[in-house]
Amino acid sequence: MKPSFSLKIPEFLSKVKSAIKISKGTLTSDSSGIFGGTTAETVFEELETQLLLADVGVETTMWLLNEVRQDALASREEGLDIAILLKGKVRELLETIEKPFVIDQAHKPLVILVVGVNGSGKTTTIGKLTSNISEHGYSVLLAAGDTFRAGAVEQLTQWANRTESNIISQDQNADPAAVVFDALDSAKARNIDVVLADTAGRLHTTSSLMDQLEKICRVISRVDSSAPHEIMLVLDATQGQNALSQAKAFQKAIGITSLVITKLDGTAKGGILLAIARELGLPVRFLGTGEDISDLHPFEAEAFTNVLFAE
Ligand SMILES: Nc1nc2c(ncn2[C@@H]2O[C@H](COP(=O)(O)OP(=O)(O)OP(=O)(O)O)[C@@H](O)[C@H]2O)c(=O)[nH]1
Ligand SMILES: [Mg+2]
């Protein structure tokens, strides 16, 4: 049997490297091979290696392969294609975290706090997202909550100019909670739809910095008790399993509500999304695939599965 992977990959995902490479010869096995024969074991061993290389992680890899084994056993179909079974499982798993970003107009402004470790792509993601939201006809105000890094306010100001959106900032070293508070006040007064708050990059292991985020959330909720409506963690896909540890730490400290996975261009570590789906189950809103304003895309499980398995 020929491998029957659909290669329907949207243009925008063409920058993402395929991660799970399965050689053609091992795709198919007859049923006698699957149930205990060496052919099946060879196939499973190869799948395991490929999943681990793609940064799926040990736990999720074992879980996936076990699911596939059970399905194969239950099916007993002649000429069963194990890789197709795996691909189906991967898609099902990724579908659990496909929850597209929507602007809930019940909240005005909708407040999104963007957090993450240093350099993960927070500010760039905010710029791209601002462009995306504005294109849909909503007004955006940026809050320059990174008052720590030199140049951070200027970087966000450039994005505000580029996207013709509003920005509220203060001097470097100002209290980030005060900046975000001002931004919310201003957004309310100007009837703005969405506030995107940038924050300084922080190591997930530094508790004083995590406390600072908590303070920002507290101050935000004083203006609107339902806010922040989304706490978006930006993860750099090239960090692989470390991104998963970051997500767990941020989740524990301040309670993340959604994820953006950046830098998927040029890395074959996209398998991290499988570990995220299995271990965190948090919605993945967007994927970042480059430094340009247009390099942000809604996460779609099926399209991403096709990329993971592309030849
Ligand atoms: N290739 C690639 N580069 C990206 C992507 N997203 C962001 N970058 C780059 O990563 C670098 C860091 O991006 P920033 O947006 O400044 O990251 P940050 O999280 O705001 O960084 P700090 O504020 O210093 O914590 C910049 O050079 C960005 O252009 C992406 O999806 N792909
Ligand atoms: Mg930044």
Side-chain angles (χ1 to χ4, degrees), residues 109-130 140-163 165-187 194-223 227-239 242-263 282 285-286 288 291 296:
L110 183 79
V111 182
I112 303 171
L113 185 68
V114 180
V115 302
V117 302
N118 306 72
S120 61
K122 296 174 292 298
T123 309
T124 308
T125 298
I126 288 173
K128 296 172 184 174
L129 188 53
T130 303
V140 180
L141 183 141
L142 303 179
D146 182 354
T147 55
F148 179 72
R149 186 171 62 76
V153 173
E154 200 193 317
Q155 188 189 359
L156 195 70
T157 305
Q158 281 174 5
W159 279 110
N161 293 340
R162 210 170 151 191
T163 55
S165 41
N166 311 277
I167 180 165
I168 293 291
S169 62
Q170 292 180 15
D171 293 338
Q172 206 187 334
N173 297 324
D175 178 359
V179 176
V180 177
F181 185 87
D182 270 6
L184 287 197
D185 239 17
S186 171
V194 182
V195 170
L196 292 173
D198 195 14
T199 59
R202 64 201 68 227
L203 260 185
H204 50 296
T205 45
T206 314
S207 63
S208 60
L209 292 175
M210 289 307 209
D211 292 347
Q212 190 189 59
L213 283 182
E214 245 190 339
K215 182 182 169 191
I216 296 176
C217 290
R218 239 185 1 255
V219 167
I220 290 176
S221 69
R222 260 189 245 144
V223 183
H229 306 104
E230 190 144 342
I231 303 179
M232 202 176 249
L233 174 66
V234 177
L235 293 174
D236 171 347
T238 63
Q239 300 207 349
N242 189 29
L244 189 65
S245 317
Q246 291 165 20
K248 285 179 180 168
F250 273 91
Q251 174 70 323
K252 197 163 163 229
I254 53 160
I256 304 304
T257 61
S258 67
L259 301 172
V260 174
I261 317 295
T262 61
K263 308 192 192 182
L282 285 166
R285 302 286 197 219
F286 296 99
E291 303 189 83
L296 188 75

Q: Kindly compute the distance separating CD (Q212) from CZ (F148), expressed to the nearest 0.5 Å.
A: 9.0 Å
**Q.** Rounded distance (nearest 0.5 Å) linking atom CD of E214 with atom OG of S207
**A.** 10.5 Å
Q) Between the main-chain N or O of G116 and the side-chain N or O of S120, is there a donor-acceptor pair closer than 3.5 Å? A) no
Q. Considering only heavy atoms from C-beta outward, does the side chain of L141 approach that of V194 to under 4.5 Å?
A. no
**Q.** Between T163 and S165: side-chain donor-acceptor atoms closer than 3.5 Å
**A.** yes
**Q.** Nearest heavy atoms of L209 and L203, plus distance in Å
**A.** CD1-N, 4.5 Å
**Q.** Distance-minimising heavy-atom pair for G145 and P176
**A.** O-CB, 3.3 Å
Q) Counting distance only, does the side-chain N/O of H229 pair as donor-acceptor with the main-chain N or O of V111 below 3.5 Å? A) yes
Q. How long is the gap from CZ on R218 to CG on D211, to the nearest 0.5 Å?
A. 8.5 Å
Q: Working to the nearest 0.5 Å, report the span between CG of N242 and CG of L235.
A: 9.5 Å
**Q.** Derivation and outcome, side-chain contact (heavy atoms from CB on, under 4.5 Å), residues I256 and V115
**A.** CA-CA 9 Å; I256 304 304; V115 302; 4.0 Å; yes
Q: Report, as yes or no, whether the 6.0 Å neighbourhood of atom CG on D171 holds more than 12 heavy atoms from other residues, nucleotides or ligands.
A: no
Q) Does the pair K215/D175 count as a salt bridge with the N-to-O cut at 4.0 Å? A) yes
(Q) Minimum heavy-atom separation for A174 and T147, please, with both atom names. (A) O-OG1, 2.7 Å
Q: Decide yes or no for I216 and T199: does some side-chain heavy atom of the first lie under 4.5 Å from some side-chain heavy atom of the second?
A: yes
(Q) For the CD atom of E154 and the OG atom of S169, what is their distance to the nearest 0.5 Å? (A) 11.0 Å
Q. Mind checking whether K128 and F286 have side chains closer than 4.5 Å, heavy atoms only?
A. no
Q: Would you mind reporting whether T130 and L142 have side-chain heavy atoms less than 4.5 Å apart?
A: yes
Q: Find out whether Q251 and L282 are in side-chain contact, i.e. whether some heavy atom of one side chain is under 4.5 Å from a heavy atom of the other.
A: yes
Q: Starting from the C-alpha separation in whole Å, work towards a yes-or-no answer on side-chain contact (heavy atoms from CB on, under 4.5 Å) for V195 and L184.
A: CA-CA 7 Å; V195 170; L184 287 197; 4.0 Å; yes
**Q.** Modelled atom types, side-chain donor and acceptor of S258 and E230, under 3.5 Å
**A.** yes
Q. With distance as the sole test, does R202 use its side chain to make a donor-acceptor pair with the main-chain N or O of V117 at under 3.5 Å?
A. no
Q) Does the side chain of R149 pick up a donor-acceptor pair with the side chain of Q172 at under 3.5 Å? A) no
Q) So, for V219 and A177, which heavy atoms are closest and what is the spacing to 0.1 Å? A) CG1-O, 3.7 Å
Q | Pair D236-T262, side-chain donor/acceptor within less than 3.5 Å | A | no
Q | Nearest atoms (heavy-atom pairs only) where P228 meets I220 | A | N-CG2, 3.6 Å
Q) Closest approach of D198 and K122, non-hydrogen atoms and distance? A) OD1-CB, 4.0 Å
Q | Side chain to side chain, I126 and W159, heavy atoms closer than 4.5 Å | A | no
Q: Report yes if some heavy atom in the side chain of T124 is under 4.5 Å from a heavy atom in the side chain of Q155; otherwise report no.
A: yes
Q: Without swapping roles, check the side chain of S186 against the backbone of D182 for a donor-acceptor pair under 3.5 Å.
A: no
Q | Evaluation steps, side-chain contact (heavy atoms from CB on, under 4.5 Å), between L259 and I261 | A | CA-CA 6 Å; L259 301 172; I261 317 295; 4.3 Å; yes
**Q.** Main-chain N/O of I231 paired with T257 side-chain donor or acceptor, under 3.5 Å
**A.** yes
Q) So do the side chains of V153 and D146 get within less than 4.5 Å of each other, counting heavy atoms only? A) no
Q.
I need the I167 CD1 to Q158 CD distance, nearest 0.5 Å.
A. 10.0 Å
